[in-house]
Structures are given as structure tokens and as C-alpha cells.
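Below, chains carry the letters A, B, ... as their sequence lines are ordered, and counting in each starts from 1. Everything quoted here is computed from the prediction, not taken from an experiment.
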Amino acid sequence: MKILVPVKRVIDFNVKVRVKPDGSGVDLANVKMAMNPFDEIAVEEALRLKEAGKAGEVVVVSIGGPEAVETIRTGLAMGADRGILVKTGQPPEPLAVAKALKAVVERESPELVILGKQAIDDDCNQTGQMLAALLGWPQGTFASKLVLEDGAAVVTREIDGGLETVRLALPAVVTTDLRLNEPRYASLPNIMRSKKKPVDEIDAAGLGVDMAPRLKVLKVEAPPARRAGIRVATPAELVDKLKNEAGVL
Amino acid sequence: MTTLLIAEHDNARLAEATARALTAALEIGGGIHVLVAGRDCAGAAGAAAKLAGVARVLVADDERLAHPLAEPLAALIVAMAGPYDALVAPATTFGKNVMPRVAALLDVAQVSDITAVVAPDTFVRPIYAGNAIETVQSTDAKTVVTVRASAFKPAADGGSAPVEAVGAGAATGEASAFVSAEIPELERPELTSARVIVSGGRAFESAERFRACLEPLADKLGAAIGASRAAVDAGYAANDLQVGQTGKVVAPELYIACGISGAIQHLAGMKDSRVIVAINKDPEAPIFQIADYGLVGDVFELLPELEKAL
Ligand SMILES: Cc1cc2nc3c(=O)[nH]c(=O)nc-3n(C[C@H](O)[C@H](O)[C@H](O)COP(=O)(O)OP(=O)(O)OC[C@H]3O[C@@H](n4cnc5c(N)ncnc54)[C@H](O)[C@@H]3O)c2cc1C
Ligand SMILES: Nc1ncnc2c1ncn2[C@@H]1O[C@H](COP(=O)(O)O)[C@@H](O)[C@H]1O
């Protein structure tokens, strides 16, 4: 069984984001970039399934500019078998990504696609659900446990009130939550080996899908600043302030 | 224009997030119909009919909708979508699961997690864990949005909308099946609607100490308990207590962060709280940069004292 893992190149989660003064977006010049953390979890899960003998090949795919190949290489260094880069001009919206991924799924015929639940740049939390919709496949979002058995994926999902388990007939789409696993670091030999692994490049235009943006970004602003207040010396002083100054008790 | 609001509920009761999403839907404007899709869901439908501003409640009552699985629910919503200009749901795990599926089937974009309505097609939403705020305009014929519940007040009761049954024949989705759920009974207020939240981080060292320190305080304050990702990952607290960029977003009157450093991913979920208190032994912890009141010291000493001082 083949597993496809879409991986997105995003700003590193430790970087303090700055909004551009002209309000057109955030400043990405000379900023450290990395694989979206939820996608690392997705790659890790696919590798574990392969190591457990449940999956054959793990293919990582990214949709973006030529630099997205770095993110694919990160996945290959973790242990994925090969990569696919779908080249686009402007950064695509989730619906466009889902359409490109659908075209890749039709070429590759994986039985399972594992995505991150959310990209930490756009915070959309859409692409996996959209891909499942376009393919007509079942979806298991926000997974904290994934078990493959008898042509099905049994997915435990993190939901607002607790946990829910669903059974999905394969092929299916799964999106990862933080508790699914702890991703490995790429070992030096694996990094060396990954350099020889194949990465196919496809032009998005060649996939014949409509990648045009549907949303117009009118402006991007910094959030209202919240300032540090005061220090109190004791719990008693805190209670006094909360009662008499802030009026919240 | 007409809007379809997708209700979140457990068949018996309506989730408070639905009433909050209704406030956003009212700002979008036009007539509002609420879809209550479930099994034996008259209780939830009745509650929806009482919300002020609702024009009609549409009830799809069917075995296939007993659990809110994305596949049958999205199929039903798409079959009903024709007359509506906007489709709205709360940005809870319920709404996040089903609405992108609806949007893709309609071939339209989704605007996730809106915090303000600028115009019927224009919305404000946080990106980069709340470190940037974007205003986006949809160019699609229909808009699909999910609403950040903490950014909108719940709509009041006082309505008396007619309740009508709608067919659930479109709700198919054989490829997925509900297996089980673990939904612990709530012992205290729900995080997303609590007036006061006491939240704990990695400092607590064990689930026992987490509970022993935070529960008496929460009981005294009538507060909900929250947690950082580190506390959840370490097993001190359940996953549904995680506050942050990828957990729950809360905005209570009072948020007391105990032994939490203040990573941006945590701040993303609580920095719109009205009053923030930080208790941390590291005077340089970033949480102090956004706290209204900071108390430097050991949580194991300070929390029992705080509880007594209340
Ligand atoms: C993709 C991604 C998503 C994430 N999403 C979230 C999210 O939704 N929510 C979230 O919270 N985090 C999230 N994180 C994790 C986040 O980056 C931090 O790692 C996490 O918030 C840290 O939790 P903490 O503050 O409890 O732990 P730490 O950062 O370890 O801080 C512990 C604090 O406790 C203090 N302390 C220790 N002992 C004591 C004591 N006895 N008394 C008083 N103070 C003490 C220390 O001084 C320290 O400041 C995410 C990370 C990633 C990569
Ligand atoms: N440009 C992209 N290339 C590859 N995968 C992507 C891309 N954008 C989103 N994804 C996948 O979709 C998930 C959710 O993204 P989003 O819907 O944007 O929050 C990510 O975690 C990735 O797995």
C-alpha cells in the first residue's frame, strides 16, 4: 500500500512573525523556514506504518515555489521514499492545493493520504477535508491514533469534548493532531541517502486544475498590542487587585 | 440574502458555540435558517427556535445523522445549499471537520475562524497564531465561513421560529462509520464559555499534582481548567483542555496562567482574555509581557495561598 503525505513549507514555529509596514502580508525575507510541524507528524506516521509492514511506499508531495523542494528533502531525510513537487507561482489557497493533490492522487493511486490538520502560517485547517471531499473519500481529521486493519483505517480523533473513534473504508484521508506521535530527527546517513532519492517536478498548469485564488486579501495588520501590567508581591495582594482594581472577582 | 447556520448540538442540547456563530451570521445579514441535523434532536431544535433572530429551524432527523460524521452531514448540507448565499458554522472541531468538505463540494473557498464581519463577503481572521490579522474578501457566489466563538457574544433567547422537518435522504456516506466516543462528563464550566479559567503548564510535574493544585482553586472560583500543550502531552491534563493555536481559543473575563511560559502558540489561544494573571517562578517568562498581574514564585507554594486568600 502506498501512502501520500502532503508537506508544506512554512515559517519556522519559533520565528516571531512581523507584518509588513504596507499591510500586504508578513515579512518572509531571510526568515527561517521549516516543514509544517503537523506534516512532520504525518511523515512520521507514514514511516511507522511502513516500518510495521503495513505500507509499501511513502511519497511526499509539496505544492509551491521551487524552494518547496527543501521541505520535500526534509521528508526524504526522515525516510520517505520519493518526492513530488507541484510548481506554482503564487502561494495557493487550500482549495487549489486540494485540487492539485487530487490530480496527484489520480496519478499515484495511494490508499491513504496523511496531511497535517493545519498549516501554522494560514491556520486554515481545510486542505485534508477538501481533498477528501473532491475524491469522495472518507476523512479522519485531528487524529491522535491511527490503526490500519482489514481494508479500513480506524482513527481516534481529538474533538472538543474528548475523543471520538471512526472507522473509514480505504482509500481514506487522515489529518494529524499533535498527540499522534513524536516525529524523529533525520539521521546523518539518512540525510546523505536522501540526496539520491528522486523528486519529480510537475508544473501545476500541466495538471489541468483551476488554481486561481478565490479570496482577495484586502489587508494584513499586526494584532492590537497587549502591554505588560504590574507585578504583585503576594497572593493576598493579587486577590485585592482582582477584586478592587480589575473588578473580576 | 439568506444564511444557513449549521447547528452544533448533542441532539438534546444546543452547543453554546451555535448561539455565538448566530451572532456572526446576524452581522452577515439577511434571513437566517438553522439546520439541526441529528437523531431524536427535538431538544436541540427547540433550543435553536428560541434564539432571537432565527427565521426558521430545519430539522433533519435520521439514523445516519446520529453522530456528526463529516461525510453524511456535508452531503446533506450541499444538497440543501442551493438557495443560500452564506453557510456558517462555529469553528469548533465540529465545524472545522465538516465545513471545508462542504466548501470543496460547492467549489468555493472557506474563510476559517473569523473574528469579525466587515461586509457580507468580507471577514477578519487571525493568521500565524494570531501574530497577524488579515481581512479577506470572498469572490465566490457562496461564502462558507467558520466562526471563532470567543470573538462573538452568544445571541440571546427570545425568538420563536417555526420548526420544520426536512428530508435527510441526501445524507449518505457509507465509507465512514462511528465506532465510539469518550466524552467525559463535565465537572466544571466548559472552557469556551467559562467566565474564569485556571490554566496549568509543564510546571506541575504530574497529573496528580496538576489536579491537586488547580482543582481547589478552580472550585473556589467556579472556574474551568485549561492547560498548555506541554501539560497535555505530558499527560497531566486531557487533550480537550489544551488552550492555544491548535487547541481551544478562549476569552474569559479572567485567565490565570500557572507555570506556563507563554509560547506564542499558547498566547494565540488566550491573549484576548479581559484580565490575565501569570504565576511563574521565572521572572523573565514571556507570559509576563502580556499579563495584567504577574506573581513571581513557585506554583506549589503560591496556589494554596491564593486559594486561601480568596
Ligand atoms: C505546531 C505547534 C502547535 C502548538 N500548539 C500549542 C497550543 O495550542 N497550545 C499550547 O499551549 N502550546 C502549543 N504548542 C507548544 C508551545 O510551543 C510550547 O511548547 C508550550 O506552550 C509550552 O508549554 P508550557 O508553558 O507549559 O511549558 P514550558 O515552556 O516548559 O514552561 C513551563 C514554565 O513553568 C515555569 N515553572 C516551572 N516550574 C515552576 C514552578 N514550580 N512554579 C512556577 N513556575 C514554574 C517555568 O519557569 C516555565 O516558564 C505548539 C507547538 C507547535 C510546534
Ligand atoms: N502548499 C502545500 N503543499 C503541500 N501540502 C499542503 C500545502 N498546503 C497545505 N498542505 C497540507 O494541508 C494541511 C493543512 O493545511 P491548511 O488547510 O492550509 O491549514 C497541511 O498540514 C499540509 O499537510
Exercise. Non-hydrogen atoms of chain B under 4.5 Å away: do they reach the side chain of A:Leu242, the backbone, both or neither?
Worked result: side chain
Exercise. With a 4.5 angstrom heavy-atom cut-off, which part of A:Val19 approaches chain B: side chain, backbone, both or neither?
Worked result: side chain
Exercise. Going from CG on B:Asn97 to NZ on A:Lys117, what distance comes out if it is rounded to the nearest 0.5 angstrom?
Worked result: 11.5 Å
Problem set entry | Structural part of A:Ala153 lying under 4.5 Å from a heavy atom of chain B | neither
Exercise. Which bit of A:Ile11 comes within less than 4.5 Å of chain B, counting heavy atoms only: side chain, backbone, both or neither?
Worked result: side chain
Exercise. Using non-hydrogen atoms only, which part of A:Arg157 is less than 4.5 Å away from chain B: side chain, backbone, both, or neither?
Worked result: side chain
For this session: Examine distances only and state if a side-chain atom of B:Ser112 and a backbone atom of A:Cys124 form a donor-acceptor pair shorter than 3.5 Å.
Result: yes
Exercise. To the nearest 0.5 Å, how far apart are CD in B:Gln110 and CZ in A:Arg214?
Worked result: 13.5 Å
Exercise. Counting N and O atoms only, with roles assigned by atom type, does the side chain of B:Arg125 sit under 3.5 Å from a partner on the main chain of A:Asp122, one being a donor and the other an acceptor?
Worked result: yes
Problem set entry | B:Thr122 and A:Leu218, any side-chain heavy atoms less than 4.5 Å apart | yes
Exercise. Any ion pair linking A:Asp160 and B:Lys96 (charged N to carboxylate O, less than 4.0 Å)?
Worked result: no
Exercise. Looking at A:Gln129 and B:Pro100, what are the two nearest heavy atoms and their distance?
Worked result: CB-CB, 3.6 Å
For this session: Heavy-atom pairs under 4.5 Å with chain A are the metric here; pick the option from B:Ala268, B:Pro283, B:Ala91, B:Ala74 that has the most.
Result: B:Pro283
Problem set entry | A:Gln139 and B:Arg101, any side-chain heavy atoms less than 4.5 Å apart | yes
For this session: Determine, for B:Phe288 and A:Arg231, whether the Lys NZ or Arg CZ falls below 6.0 Å from the six-membered ring centre while staying within 45 degrees of the axis.
Result: yes
For this session: Under 4.5 Å heavy-atom distance to chain A, tell me which part of B:Arg274 shows up: side chain, backbone, both or neither.
Result: both
Seminar exercise, completed: Output for pair (A:Leu163 CG, B:Ile183 CD1), nearest 0.5 Å, gives 7.5 Å
Exercise. Are any of the side-chain heavy atoms of B:Ile133 and A:Val220 separated by less than 4.5 Å?
Worked result: no
Exercise. Has the side chain of A:Gln126 got a donor or acceptor atom that lies under 3.5 Å from a matching backbone atom of B:Met99?
Worked result: no
Exercise. After noting the C-alpha distance and the side-chain angles of B:Gln245 and A:Asp123, does the key distance pass the side-chain hydrogen bond (donor to acceptor under 3.5 Å, both in side chains) rule?
Worked result: CA-CA 8 Å; B:Gln245 178 187 18; A:Asp123 283 334; 2.9 Å; yes
For this session: Pick whichever of B:Val277, B:Asp292, B:Ile127, B:Leu306 has the most heavy-atom pairs under 4.5 Å with chain A.
Result: B:Asp292
For this session: Indicate yes or no: does B:Asp121 engage A:Lys216 in a salt bridge with an N to O separation below 4.0 Å.
Result: no
Exercise. How many angstroms lie between OH in B:Tyr293 and CG in A:Leu238, if you round to the nearest 0.5 Å?
Worked result: 8.5 Å
Exercise. Is it true that B:Asp272 and A:Arg226 have a side-chain N and a carboxylate O under 4.0 angstrom from each other?
Worked result: no
Exercise. Which heavy-atom pair separates A:Pro223 from B:Gly130 by the least distance, and what is that distance?
Worked result: CG-O, 3.2 Å
Problem set entry | chain A contacts, top residue of B:Gly297, B:Ala75, B:Ser273 (heavy-atom pairs, under 4.5 Å) | B:Ser273
Exercise. Roughly how far apart are B:Thr135 OG1 and A:Leu215 CG, rounded to 0.5 Å?
Worked result: 12.0 Å
Exercise. Name the one of B:Asn239, B:Asp240, B:Val232 that satisfies side chain to side chain contact (heavy atoms under 4.5 Å, CB included) with A:Glu158?
Worked result: B:Asn239
For this session: Measure the spacing between CG of B:Leu295 and OG1 of A:Thr234 and express it to the nearest 0.5 Å.
Result: 7.5 Å
For this session: Please look at A:Ala98 and chain B and tell me whether the side chain, the backbone, both or neither of the residue comes under 4.5 angstrom of a heavy atom of that chain.
Result: neither
